[in-house]
Number of protein chains: 2
Amino acid sequence: MATIYDVARLAGVSPATVSRVFNGTTVTPENERVVRDAAARLEFVPNRTARTLRRRNSDIIALVIPDIENPYFTALARGVEDEARAAGYSVVLCNTDGDVTRESDYLEVAVSEHMAGVIIAAASDQSDLSPLLSRQKAVVAVDRVPHGAAIDAVTIDNAVGAELATRLLVERGYERIACIAGPDDVETSVARISGWRDALSRAGLRADHDLLEHADYRVEGGSAAMARLLGRTDPPDAVFVANNLMSVGALRVLRDAGIHPPEIGVASFGALPFSTSAPTGVSMVSLPARELGASAARMLLARIRGDRQAPRTLVLEATAID
Amino acid sequence: MATIYDVARLAGVSPATVSRVFNGTTVTPENERVVRDAAARLEFVPNRTARTLRRRNSDIIALVIPDIENPYFTALARGVEDEARAAGYSVVLCNTDGDVTRESDYLEVAVSEHMAGVIIAAASDQSDLSPLLSRQKAVVAVDRVPHGAAIDAVTIDNAVGAELATRLLVERGYERIACIAGPDDVETSVARISGWRDALSRAGLRADHDLLEHADYRVEGGSAAMARLLGRTDPPDAVFVANNLMSVGALRVLRDAGIHPPEIGVASFGALPFSTSAPTGVSMVSLPARELGASAARMLLARIRGDRQAPRTLVLEATAID
DNA sequence: AGCGTTGCAGAAATCGATTTCAGACGCAAG
DNA sequence: CTTGCGTCTGAAATCGATTTCTGCAACGCT
């Protein structure tokens with residue numbers, strides 16, 4: 001692999017001049033030509049490792065997400081990518097699988113590779129961002145903000161969205177509306193539960209203790225929770241499911257049990273991914289995943305460019321799909 | 001950020017000794033203790049950039065895929081991750097969006113960051129892997145092999161899988177079986193078309209010219225192609241759709257047209273993602289995406305460890321789902 | 001006692017770029 | 001003709017780790 005020294009020798013100039021050519025500093029047109037010719041002839045590609053070591057920062061942004069198989073996060077990733085690439089940064093995705101250990105491994109990589117910044121959808125409330133913060137790395141939390149972290153964030157109004165979804169069920173006349181929620185150590189899950197509670201109490205309905213099921217934001221978790229609800233002596237007549245994948249699981253269980261949607265009410269927080277058959281009777285609130293990613297990327301880029309404002313939080317709204 | 005020199009000074013040893021402690025070379029127990037104490041007190045994290053520069057390789061593997069929103073690729077990514085992480089490597093995902101320019105940007109990053117290796121599902125047949133090959137970087141192609149590349153590969157037997165899927169339709173008695181294929185500059189697409197042709201000719205059926213539609217392996221492409229087929233004066237009575245996302249699109253168009261599956265035969269190459277309602281009459285062949293990724297990772301790891309065999313290709317089979 | 005191992009530690013070179021600093025040169029003004 | 005300023009260049013220091021090479025000390029063996 002050709003280095004800047006090889007190019008310099010072939011071009012008959014010093015390595016400094018070669019560096020300057022590739023960094024836009026002033027160089028004689030003649031020298032510029034000679035250097036570019038030499039570089040082309042040697043198929044020279046600058047060594048980013050050396051550059052990063054010297055400059056103490058790279059032009060790579062890490063996007064850390066908890067579940068790469070969730071279309072919500074992949075849509076979010078597209079949003080991040082579009083903005084970041086337009087600004088000349090490369091984005092690499094790191095999948096933590098909801099595991100705090102994996103997550104901190106990736107954060108350490110981001111720090112020790114001197115990446116330009118990190119956008120993170122935290123694995124849990126307990127996620128520890130201190131390795132980033134103590135080194136003043138640019139960070140933006142997206143979708144979820146770890147407990148007590150004073151950083152830029154872009155989130156969804158979970159309580160309002162959940163209330164909206166639940167209200168859709170109320171309006172259709174359902175009265176015993178259950179909730180399949182996420183893990184209880186995840187901030188978003190707590191907010192969605194309270195949205196569900198609010199909708200019920202405003203409608204004068206009871207949020208019975210046994211109407212709440214916790215699961216893991218995954219398909220299988222949704223299935224299991226739905227099965228438990230159906231197994232109750234007094235099953236619900238409708239269910240608010242707090243994320244898209246669990247809705248898929250719940251609907252599968254209902255299908256297998258021969259119960260089809262208008263018969264039981266189903267509302268999903270987040271649109272069903274890749275749905276092909278009209279899920280009649282399934283209400284949905286749709287989340288601006290891509291916009292979430294794009295906004296986060298814009299905030300991060302501002303920080304990278306030196307923005308020193310106090311941390312801001314941007315809250316986007318979920319919207320009902322009819 | 002503390003460096004090895006800071007640690008050395010605090011511990012009263014030379015930087016070389018500190019380095020040795022973190023690299024398992026022999027050091028006095030006493031020195032080891034002193035160094036670890038100092039490192040802990042300073043929250044020392046080794047600078048990977050410097051290490052990579054010196055060692056000329058890192059322990060990061062790049063996985064380059066064309067469409068992060070396709071569940072097939074995300075499942076594949078999980079397979080790669082599981083194997084790679086077990087071997088102590090970190091995996092970063094790069095999404096090319098099927099764009100050869102983006103792809104080569106990412107390949108250049110992989111090279112100039114001295115990553116340990118690259119697993120790539122090429123954006124097209126024309127993808128140029130020479131930046132990797134000319135620098136002897138470990139590479140494994142997965143799902144698709146760019147034209148003429150003599151490298152390790154893990155693929156699916158596309159022709160056999162397509163034939164299998166089409167045969168499922170033949171067995172159900174359909175006779176005018178159309179094909180919604182992928183882009184014609186993608187190797188996998190060509191093979192799937194020929195599988196479709198084979199199945200038809202073995203069944204004594206005609207593969208009429210106007211039964212073949214090309215699309216882009218995306219949901220919208222599938223919709224458009226299905227719409228075109230329905231618009232024909234002599235529409236097909238069944239359709240073989242050459243990838244999962246296009247199947248979703250095709251099924252949506254059918255649903256909107258009020259035509260439900262057993263009425264028209266539908267076979268999908270690749271299981272429908274997140275399907276919730278029994279797609280009655282939809283035949284599917286399922287692809288071992290995760291296994292594909294895992295195998296690719298194993299081959300790559302072998303190369304990274306110095307395996308010098310001639311390039312091998314591993315072909316996995318698609319299986320019918322009933 | 002003398003000699004060859006062996007084990008460990010430190011000095012210094014190295015990886016490949018960027019950047020500071022100082023010098024060379026050209027040109028205009030005095 | 002000299003001074004002064006601005007532009008461009010190259011030498012050398014630098015980023016932070018790894019690794020080679022050398023030296024020293026301890027130990028075993030004949």
Validation: residues 294-307 of chain B side-chain donor-acceptor distances under 3.5 Å, sequence neighbours left out:
unit_1   : atom_1 : unit_2   : atom_2 : d
B:Ser295 : OG     : B:Glu291 : O      : 2.9
B:Ser295 : OG     : B:Glu291 : OE2    : 3.1
B:Ser295 : OG     : B:Arg298 : NH2    : 3.4
B:Arg298 : NH1    : B:Glu83  : OE2    : 3.0
B:Arg298 : NH2    : B:Glu291 : OE2    : 2.9
B:Arg303 : NE     : B:Asp152 : OD2    : 2.6
B:Arg303 : NH1    : B:Asp307 : O      : 3.2
B:Arg303 : NH1    : B:Gln309 : O      : 2.8
B:Arg303 : NH2    : B:Asp152 : OD1    : 2.9
B:Arg303 : NH2    : B:Asp152 : OD2    : 3.3
B:Arg303 : NH2    : B:Gln309 : O      : 3.1
B:Arg303 : NH2    : B:Ala310 : O      : 3.3
B:Asp307 : OD1    : B:Gln309 : N      : 2.9

What is the nucleic acid contact for B:Tyr5, judged by heavy atoms within less than 4.0 Å: base, sugar-phosphate only, or nothing?
base
Ring pair (Phe, Tyr, Trp, His ring centres under 6.0 Å) pairs touching residues 17-42 of chain A, sequence neighbours excluded, are A:Phe22-A:Phe44
Using the test salt bridge (charged side-chain N to carboxylate O under 4.0 Å, His left out), find all partners of B:Glu81 that sit at least two apart in sequence or belong to another chain.
A:Arg102
Hey, could you give me each pair passing salt bridge (Lys or Arg N to Asp or Glu O under 4.0 Å) that has a residue in residues 131-141 of chain B? Not counting sequence neighbours.
none
Pairs under 3.5 angstrom, nitrogen or oxygen only, protein versus nucleotides 7-9 of chain C, please.
unit_1 : atom_1 : unit_2  : atom_2 : d
C:dC8  : OP2    : B:Thr26 : OG1    : 3.2
C:dC8  : O3'    : B:Thr28 : OG1    : 3.0
C:dA9  : OP1    : B:Thr28 : OG1    : 2.5
C:dA9  : OP1    : B:Asn31 : ND2    : 2.2

My understanding is that only residues two or more places apart in sequence, or in another chain, count here; which of them pass side chain to side chain donor-acceptor pair (under 3.5 Å) with A:Ser189?
none
Main-chain N/O of A:Ser112 paired with B:Arg48 side-chain donor or acceptor, under 3.5 Å:
no
Between residues 44-56 of chain A and DNA chain D, which residues have a heavy-atom gap below 4.0 Å?
A:Leu53, A:Arg54, A:Arg56
I want to check something: taking the side chain as every heavy atom from C-beta on, are B:Val34 and B:Glu30 in contact at a cut-off of under 4.5 Å?
yes
Using rotation axes that map the C1' atoms of four end pairs onto the next four (five pairs an end), what angle separates the end axes of the helix from C:dA1-D:dT30 to C:dG30-D:dC1, to 10°?
50°
So which one's nearest nucleotide on DNA chain C is more toward 5', B:Pro15 or A:Asn23?
B:Pro15
Tell me whether the count of non-hydrogen atoms from other residues, nucleotides or ligands lying under 6.0 Å of CZ in B:Arg312 goes above 12.
yes
Which ring pair (Phe, Tyr, Trp, His ring centres under 6.0 Å) pairs, counting each pair once, include a residue from residues 45-80 of chain B, with sequence neighbours left out?
none
Apply side chain to side chain donor-acceptor pair (under 3.5 Å) to B:Arg51 and list each qualifying residue two or more places apart in sequence or on a separate chain.
none
Side-chain donor or acceptor of A:Thr96 paired with backbone N/O of A:Ile65 under 3.5 Å:
yes
First and last nucleotide of DNA chain D in contact with chain A, 5' to 3', at under 4.0 Å to a heavy atom: what are they?
D:dC8 to D:dG16
Taking the side chain as C-beta and beyond, is there a heavy-atom pair between B:Leu76 and B:Val80 under 4.5 Å?
yes
With sequence neighbours excluded, give me every ring pair (Phe, Tyr, Trp, His ring centres under 6.0 Å) pair touching residues 95-152 of chain A.
none
